[in-house]
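These notes are about the structure you will find just below.
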Amino acid sequence: MSQLLRVQNFTVSSDGFGAGEGQSLEKPFGHADPGNLLAWAFATDHPPIYRSEPGGSRGLDDYFTRDYARNIGAEIMGRNKFGPQRGPWQDHEWQGWWGDEPPFHTPVFVMTHHRRPSFTLSDTTFHFVDGDPAAVLAQAKEAAQGRDVRLGGGATIIRQFLDADLVDTLHVAVAPTKLGSGARLWESPDELLDRFHQDAVPSPSGVTHHLFWRK
């Protein structure tokens, strides 16, 4: 079976934004409140990114958080998911929002026009690459060694890969909150129906899980 490029557990507001405006070191999601936007994931029993202690809810939402690492061998993310800096790197000592033990456990390819040396934290190695989506995906697939590649976001990066027709499956959770502005994934999930099949599954937590796979 061929390697897949998968979007997993990506959350947007009901008006289609994956993050707000005004991103900063103190506010990674800009004016959006991540505790509100990502409440469905924070509450589950097994959230690999959001917290380390079990004890939350089980069921549909928990299924998706448990699926996060399944058969993933590499991740691609945009620079804004790594950190808030813009332009040339001013401080190589700062190594991203993810702490000394990032939750990825794979090679991570950070797309940026400003390269910097790769570095490793725990079992995650960050590579900083400047290339078009197809070229970056080829690097990530090679590093994944036969496993799938996760497209981690943010919304702008996901749109670039969608526009290049490189995404195989998507799981997008639509939260019952509006942001009004920010990084937009879509005006409506119907935009993807020309290329993807879709299931939409409401959860008791209030989010609706949208699942897309290629036609």
Side-chain angles (χ1 to χ4, degrees), residues 3-13 15-25 27-30 32 34 37-38 41 49 68-69 72-89 95-98 102-104 106-116 118 124-144 147-175 179 181-189 191-192 195-196 210-214:
Q3 292 172 282
L4 301 178
L5 180 62
R6 296 157 52 190
V7 175
Q8 294 177 281
N9 294 2
F10 192 76
T11 304
V12 300
S13 61
D15 49 353
F17 296 98
E21 294 183 338
Q23 183 192 48
S24 68
L25 182 61
K27 294 183 176 182
F29 283 78
L37 190 66
L38 301 172
I49 279 187
Y68 181 76
I72 294 296
E75 166 143 345
I76 297 169
M77 68 171 63
R79 181 171 174 178
N80 294 359
K81 184 176 177 180
F82 176 82
Q85 300 93 341
R86 305 292 187 271
W89 298 95
Q95 296 183 319
W97 273 312
W98 302 102
F104 307 108
T106 67
V108 173
F109 293 83
V110 181
M111 294 183 68
T112 173
H113 295 304
H114 301 277
R115 296 193 180 192
R116 59 180 283 183
S118 301
T124 297
T125 299
F126 291 94
H127 304 285
F128 299 85
V129 294
D130 182 11
D132 60 43
V136 173
L137 179 57
Q139 293 180 66
K141 283 186 172 181
E142 182 177 2
R147 291 181 290 169
D148 295 339
V149 176
R150 180 172 50 238
L151 182 58
T156 301
I157 289 295
I158 294 175
R159 284 302 324 185
Q160 289 181 16
F161 280 80
L162 283 170
D163 292 345
D165 199 26
L166 295 172
V167 178
D168 296 298
T169 68
L170 301 88
H171 161 230
V172 180
V174 178
L179 293 180
S181 61
R184 184 186 287 281
L185 179 65
W186 57 39
E187 295 277 354
S188 165
E191 296 170 12
L192 305 184
R195 288 175 286 162
F196 293 92
H210 291 258
L211 307 175
F212 301 88
W213 64 100
R214 278 185 178 274

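Bear in mind the structure is a predicted one, so any value in this text is a computation, not a measurement.
The cationic atom of Arg150 (NZ for Lys, CZ for Arg) lies less than 6.0 Å from the six-membered ring centre of Tyr68 and within 45° of the ring axis.
Here the straight-line distance linking atom CD1 of Ile157 with atom CZ of Phe10 works out to 10.5 Å at 0.5 Å rounding. Remark: Leu4 CG to Leu151 CG distance equals 12.5 Å, nearest 0.5 Å. Between the CH2 atom in Trp213 and the OG1 atom in Thr169 there is a gap of 10.5 Å [rounded to 0.5 Å]. Here the CZ-OG1 distance, from Phe161 to Thr156, works out to 12.5 Å after rounding to the nearest 0.5 Å. With values rounded to the nearest 0.5 angstrom, Leu162 atom CG is found 9.5 Å from Glu191 atom CD.
Judged as a side-chain contact (heavy atoms from CB on, under 4.5 Å), and not counting sequence neighbours, Ala138 has no contacts.
Listed here is the closest heavy atom pair of Phe29 and Pro34: CD1-CB, 3.7 Å. Closest of all the heavy-atom pairs between Asp15 and Leu179 is OD1-N, 3.2 Å. Residues Arg115 and Phe128 approach most closely at CG-O, 3.8 Å, considering heavy atoms. Met111 and Gly131 make their closest contact through CE-O, 3.6 Å (heavy atoms, listed as atom of the first residue, atom of the second, distance). Counting all heavy atoms, side chain and backbone alike, Phe126 lies closest to Pro102 at CE1-CG, 3.9 Å. Shown here for Glu75 and Phe104, the closest heavy-atom pair between the two residues is OE1-CD2, 3.5 Å.
Counting only heavy atoms from C-beta outward, the side chains of Asn80 and Arg86 approach each other to under 4.5 Å. The side-chain heavy atoms of His127 and Gln139, taken from C-beta on, include no pair separated by under 4.5 Å. With contacts defined as side-chain heavy-atom distances shorter than 4.5 Å, the pair Arg159/Leu185 qualifies. Side-chain contact between Phe82 and Thr112 is absent, with no heavy atoms from C-beta onward closer than 4.5 Å. For the pair Arg214 and Phe196, the minimum side-chain heavy-atom distance is below 4.5 Å. A heavy-atom distance below 4.5 Å is not found between the side chains of Trp186 and Ile158.
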What do the steps show when you test Ile72 against Arg147 for side chain to side chain contact (heavy atoms under 4.5 Å, CB included), and what is the final call?
-> CA-CA 6 Å; Ile72 294 296; Arg147 291 181 290 169; over 6 Å; no
Would Arg79 and His114 satisfy side chain to side chain contact (heavy atoms under 4.5 Å, CB included), going step by step from the backbone distance to the final call?
-> CA-CA 10 Å; Arg79 181 171 174 178; His114 301 277; 3.5 Å; yes
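Evaluated for a side-chain hydrogen bond (donor to acceptor under 3.5 Å, both in side chains) with Asp148, the options Gln8, Arg6, Lys141 yield exactly one hit, Arg6.
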